[in-house]
Amino acid sequence: MLIRLFFNFQVSVINTVDTSHEDMIHDAQMDYYGTRLATCSSDRTVKIFDVRNGGQILVADLRGHEGPVWQVAWAHPMFGNILASCSYDRKVIIWKEENGSWDKMYEYTGHESSVNSVCWGPYDFGLILACGSSDGAISLLTFTGDQQWDVKKISNAHTIGCNAVSWAPAVVPGSLIDQPSGQKPNYVKRFVSGGCDNLVKLWKEEDGQWKEDQKLEAHSDWVRDVGWAPSIGLPTSTIASCSQDGRVFIWTCDDPAGNTWTAKLLHKFNDVVWHVSWSITGNILAVSGGDNKVEILFCSFTREHHHCVMKNTSVHL
Amino acid sequence: MKLKEINRTAIQSWSPAQHHPIFLATGTSAQQLDASFSTTASLEFFELDFTEPGLDMKSCGSFSSPHRYHKLVWGPYGMDASGHPSGVLIAGGENGNVILYDPAKIMAGDSDVIIAESDKHIGPVRALDVNPFQTNLVASGGNESEIYIWDLNNFGSPMAPGPKTQPLEDISCVAWNRQVQHILASASPSGRASVWDLRKNDLIIKVSDHSNRMHCSGLAWNPEVATQLVLASEDDRMPVIQMWDLRFATSPLKILENHTRGVLAIDWSMADPELLLSCGKDNRILCWNPNTAEVLYELPTSSQWCFDIQWCPRNPAVLSAAGFDGHIDIFSIMGGSSQAQSQRHADQISNSFGNMDPFGTGQSLPPLQLPQQTAPAATSIPLKKPPKWIRRPVGASFAFGGKLVSLENAQTNTQQPQQPTAHVVHISQVVTETAFLKRSEQLQATLSAGSFVDFCQEKISAAENKFEKTLWSFLKANFESDIRSKYLELLGYNKEELALKRKPETFFFLVFQETKAPVDEDSSSVEVSAPVEEPTEAPAPPAAHRRVSLSISQDVDGLITQALLTGDFAGAVDLCLHDNRMADSIILAIAGGAELLEKTQKKYFTKTHSKITKLISAVVMKDWHDILKTCDLQNWKEALAAVMTYAQPEEFSSLCDLLGARLEAAGDTQLQAQACLCYICAGNVEKLVSCWTKAQDGHCPLSLQDLVEKVVVLRRAVEQTQRSGPTAVGILLADKMSQYANLLASQGSLATAIAYLPDNTNQASIQQLRERLSRALGQQPAAPAAPALPQHLFQPAMVPQPAAAAAAPMPIPTPAQPQYYQPVRSASTVTSWSNQTPTALPNVPPPLQVASVLSCVTPAYPQVSQYPPGAGGVSIYQPLQYSTAPPPPPEPPGFLSQYTQPVPSQLTPPVYPGQPPISQCLSSSPPSHAPFFPNASSSFSIPPSSGASFQHDGPGSPVSYMPPPPNGVSGTQHDSDTGLIPTSQRTGLHGSDQPPPPQTHSGCRNQSSLPSPQENYTPPAPITAPIMAPLGADPQAQPVSSGAPQAMVQGPHGAQVPYSGMHQQQFSPSAMNPAMPKTSVEGAPGAPTGDVIQPMQSFPTEKILKKPIPDEHLVLKTTFEGLIQKCLAVATDPQTKRKLDDANKRLEVLYDKLREQTLSPAIVGGLHNIAKSVESRSYAEGLNIHTHIVSNSNFSETSAFMPVLKVVLTQANKLGV
């Protein structure tokens, strides 16, 4: 894995949205097209803005959580305009826009502690949401139609709590490049989670049951976030994880079976690293670290493997 | 939620925050005894390992100690310096001792685990604390107000923070300030707390509420606010926690009241200043927000007192509570459930049955109150307030289009919570590939401006290596005139240079021709030749003059002679071959017709095996596949050059592909790269992509840009030259383009990205990307994407017509030029050789003509005037389009003329059947010619109206041309011209008009074009002449050089159409019609490119000479012309436009016929019907009428224009104008 760092990149703010949230914002996500922005806050609300053409029109102010809302996640637009949010109030709420107005589509209360992370699976799997909670469990909510949601729960996924979940791209193991169009490929559903047990864990569905596939140990403190890189047509799976210990690891797996993962330390920060985010093209990683400041580390990941060059380039926003 | 438990009654200390993994150290408490009354003591270490299920903690080492402990603290001292990898555990003992242990050694099982030890204190040491800033400093407190500051670097001599407080009392707590490193606080059970400043070495303040009820069991500084501390009271009468601010130290700032009995211990979370733990004699463990005095959480705990409670420094959600019930419990305050708990419960029950002592230590006695011991519930409610450590303050996430969404949460300061804080989200554009984007923009600019040549030029000059430079040069050639010759030059074959080098060669070929002549003479009747010679007055080669003896002896010569005399060419050729007279056989075969020639050639090639035989064979047989398939790849350049030169347009691409494929398959990477050049020549974008991709790493953005630049440029070039269909996008190209689009999108160039997405693909990924892009751009989802490559860029100017190229139907030997099919514009670039001949031809005084009307014809003059072979000539010819004409090769002019003439119709029927010396005979001749010189025929056939003209050109041209010697070839010519011909006339040729009657025309002009005396029109002649000349000039040569003329003939198709005899034939008949003298005019248009023609038509002479179209038929002209204009207005496809343009010109034939009223009434009537149907826009009907006319009329009468008309009607129908 060759990691190319950009010394020449430019980050220019093209729009600043004043959210009018009354407390700390914890997450902000654009929809699939980059035309809408969803934000969530400790003020217990979720807001949606239309940000096309540099604008910032408040589209919705979603109230329903009784605690700080940690994360929001947009479902793929093929399912409609659907947004999931998770909160310290132990609830997951799935919101849907119908005829221009946003309403609760589903409310999940199956966790016993703060729900810290929600992530929609690849659209190939249908409407499926993974939720990680401080109660140590991970829930998988699958829409089965007709307002019904099927719930599967992995208990004790991470002792003291799961902080993050992230789905693997939909690829068929073994033939990781484009699947032949036509027949429905035999996807294996996989996702990665990170928790307060300092572990990164991979989960895989087998015969309808979720099983722990891998346990990746490298971090020496809470794993704050994990991000499974979008597939860029390579037979390599790539995961980024970041931790309270200030480290960002890049995990790669070259074998089709997905059994051998190797960790490369991308960078060690002096402060907690809260968030990692892959670019859509899967070759750039933005790393947010520190307290009340953002450090963004850009690196590009290209086809070459087994080489690792690490340098630190960061920008403060 | 309870996570773990340890069955010990012990005091505890977590490993420092820096330490990983997390350990909990336990030490036997000095003040409790278990049921065995054992006084042995020990230190133990347990690892907090969440990967292990279950409540048990793994013991990682223990040390049996003679001391029992009051206090343990674990400092990070020495961790970084490797002296003590696990820091130092400091223990306060019963007897005033302070002992430093090395936890790493204990866990490693070493015996020498004590780093240092001191018993300086009086009485038990109950209070210890490590300075958070200087971890080598440890404060300890004992009895009698003793406080010591120990420096672990110099452990032997502790210092006191100041004079002992009075009255003397026990010290129950010491604590370093969390913000200011030299401030220390101490507290005693008496309820008083003291704050020391170590810089002043003195007590600076005493804190007491004077209630005398405070029995301080705990002391803690606010982690964030330096002046705040809390004191916990053990007194059941006052079970409170007081919060003091030293700035108002008269009374507590807040009092935290909730415990019902005395508070035994407190701990303030370093991770969240709003979390304070307390445990009391009421068996409760509470978690407070000390700032609000609110209880946030109550742990679901035991029924026994907890005497010590501690946050885990490293894992902020974890705390440990040591109780008198014989357990140390590890909890999480995040709530949740634990399977482990219920598991543990079961274990305990089973244990209770056997009264076992599984550990054998005597310490595992059943808990005092078993039933209550188990956790009351599997689930617990988390903190009311989310702890700080899970409140994510930052989080930048990528979004589509290289956008980055980041949060800005203005710092929330607990001290100034009122300050309004902005909570905003920034959307940023991330550009990582600035160089890439810049180049992409340049490419866009080029695309919209169409300035490809400049673009290529820039690339060439910026190229980093030679290959790149070559590649771009090839691409650039696509946008220049005369693509193929440009390619040749790039391959190292500069025509001009070569021409110079080749001169001798040329001579050779000419000589070769000469030698031919005699043969012909031999074969044909000698007498004919004589008359011919005279008019040409050329210095006939000696051979021509030689009288040949026609011996018919029995030797081979005799046999051949006999065969010749009987016209048995095949026989003669066989004989020659048999006798190994190759030259003779070939020459005879030439005379014997195309078929025979071909056979002979084949035989020749099978017999001959020289190094270049293959090449010659390929040249002659026009079969390049073989060569390309077998040539040494090291010679790829040469092979490609040959293809450039010879390949027919329709096979050009496939040949280039063929070579490219071979190169690509080569093992040599150098050669593989060269395949790209072949694909560029072939215009094969898809292959170029695949080849390029193999050689380069296409994933680096700039490398992809490199590729896309080439692809885009090549595609545009292909579009312009129409070398291939529209712009079909192959899978690989589509893949690359979508990669490119993805890359552009990732850099925020959404609009550009969508433009590069191939339209005609059903690849899901591309369609998805398109939809995503268009939505992101705010377009309708279904909006069709803009065409990837704007078609409008196509420049009509680049007419791929092979205008001049056709002109050169030169002799076989020098195949070079004739073969060009380049989409060259006005053909000015035609190879030197070919040009010469054609140009010469017009001027040539047709010997035959003489016979006809033209009196003024003096072969010598015409040439001179018009044709300065040298530099001068060029300028003169420019108007005519033959600008490039190189100097005419010095040849024996006479020969040709002689040759033609002598040929008696009977002897060489195929060649010159109809061409008796007399011009009038022409009518019959054309058909026969056709096979031989198809190309020429077409254009020139038309003029022949008079027959005379045509013929003149032919035979005369070569002659006149070469011989011109009289005047001197070069510069002097001008003089001669002027001298010989009136300047006016001369100019007339070039563009000026020559109103005067045909006769007056300059010699050359009139001769060539002037048909019969009766007809007025003359002007067009000059044009036709050049075209025709080749034919007439060397009929023999033609079959060999076959390729050349074609282009001319097929004007409409431009370069692409190879000349084929067929086409010409069709035209020729019509042209041949002696009846229609005017046709000559047409000949001109048909010939080269439209552009060229224009000027000619504008000749005043022409106008003057032409009769008006009868009024009643004028409607035909206006209708058809109008229709063509309409079509042109609608047509977008350049090829269609060219067709239409050409049709427009070629319909002149029709108009001329109308002028001359030579068409039969039936045809004219039919044409009117067509016109009517055109008026009513029923083109289908028009086509029907058309078919009717064609099928019911004399082919020769209509073939000159009906096909054209059909094209127009078809196009009109298609375009729906």
Side-chain angles (χ1 to χ4, degrees), chain A residues 6 8-19 21 24-30 32-35 37 39 41-42 51-52 67-68 88 112-114 116 134-136 155-156 159-161 181 196-197 199 220-221 274-275 277-281 284 286 288 291-292 294 296 298 302-303 317, chain B residues 1 3 20-21 50-51 53 314-315 317-318 332 334-339 379-380 382 386 390-409 411-412 422-432 434-435 697 699-700 742-743 745-746 764-765 772 775-776 778:
Chain A
F6 301 95
N8 207 12
F9 67 84
Q10 302 165 351
V11 180
S12 41
V13 174
I14 56 177
N15 193 358
T16 295
V17 180
D18 184 355
T19 60
H21 276 302
M24 187 185 276
I25 307 172
H26 297 295
D27 196 18
Q29 295 287 335
M30 293 264 236
Y32 179 80
Y33 300 108
T35 56
L37 175 73
T39 62
S41 160
S42 273
V51 293
R52 272 178 296 184
Y88 187 72
E112 291 147 11
S113 185
S114 171
N116 300 318
S134 284
D135 66 10
S155 295
N156 267 331
T159 309
I160 325 182
S181 56
C196 299
D197 53 5
L199 293 177
S220 58
D221 208 333
W274 287 96
H275 186 51
S277 172
W278 290 97
S279 66
I280 305 293
T281 44
I284 307 175
S288 310
D291 194 8
N292 290 317
V294 182
I296 302 174
F298 293 94
T302 57
R303 226 175 246 268
L317 289 181
Chain B
M1 181 183 87
L3 301 170
H20 173 77
F50 293 122
T51 62
R314 188 174 182 86
N315 193 329
V318 170
S332 156
M334 293 307 294
S337 62
S338 171
Q339 291 174 328
T379 65
S380 54
I390 71 168
R391 282 180 284 160
R392 192 173 85 181
V394 295
S397 299
F398 272 109
F400 184 60
K403 306 283 187 299
L404 187 73
V405 182
S406 55
L407 319 176
E408 182 187 323
N409 289 303
Q411 182 127 19
T412 47
H423 301 285
V424 299
V425 172
H426 298 292
I427 302 171
S428 310
Q429 180 67 55
V430 177
V431 174
T432 52
T434 43
D697 168 26
H699 285 267
C700 158
N742 264 312
L743 189 54
S746 75
S765 59
R772 197 171 188 178
R775 284 287 293 267

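Not measured: the values here are computed from a predicted model. Residue numbering restarts at 1 for every chain, and letters A, B, ... go by the order of the sequence lines.
Side-chain contact between B:Glu408 and A:Thr16 is absent, with no heavy atoms from C-beta onward closer than 4.5 Å. Counting heavy atoms from C-beta on, the side chains of A:Ser41 and B:His423 never come closer than 4.5 Å. Looking at heavy atoms from C-beta onward, A:Ile280 lies in side-chain contact with B:Arg772 at the 4.5 angstrom threshold.
With a 4.5 angstrom heavy-atom cutoff, A:Thr39 touches chain B only via side-chain atoms. If you measure heavy-atom distances from A:Thr19 to chain B, the contacts under 4.5 Å come from both the backbone and the side chain. Proximity to chain B (any heavy atom under 4.5 Å) is shown, for A:Ile25, by both the backbone and the side chain.
Pairing each heavy atom of B:Ser397 with each of A:Ser277, the nearest pair is CA-OG, 3.3 Å. When all heavy atoms are compared, the tightest approach of A:Thr35 to B:Arg775 is CG2-O, 3.8 Å. Across B:Ala317 and A:Ile160, no two heavy atoms sit closer than the pair CB-CG2, 4.0 Å. Closest approach of A:Tyr33 and B:Phe400 over heavy atoms only: O-CD2, 3.8 Å.
Counting heavy-atom pairs closer than 4.5 Å to chain B, the top-ranked of the candidates A:Asp197, A:Thr281, A:Asp221 is A:Asp221. Your options are B:Asn742, B:Ile427, B:Val424, and the one with the most heavy-atom pairs under 4.5 Å with chain A is B:Ile427. Residue with the most contacts toward chain A among B:Arg392, B:Arg314, B:Gln429, B:His20: B:Arg392 (heavy-atom pairs, distance under 4.5 Å).
Of the inter-residue distances, the one linking B:Met334 atom CE with A:Tyr88 atom OH reads 5.0 Å to the nearest 0.5 angstrom. To the nearest 0.5 Å, atoms CG (B:Leu407) and NE2 (A:His26) are separated by 9.5 Å. To the nearest 0.5 Å, the span separating CD1 on B:Ile390 from OG on A:Ser113 amounts to 7.0 Å.
No side-chain donor-acceptor contact under 3.5 Å links A:Ser288 to the backbone of B:Val394.
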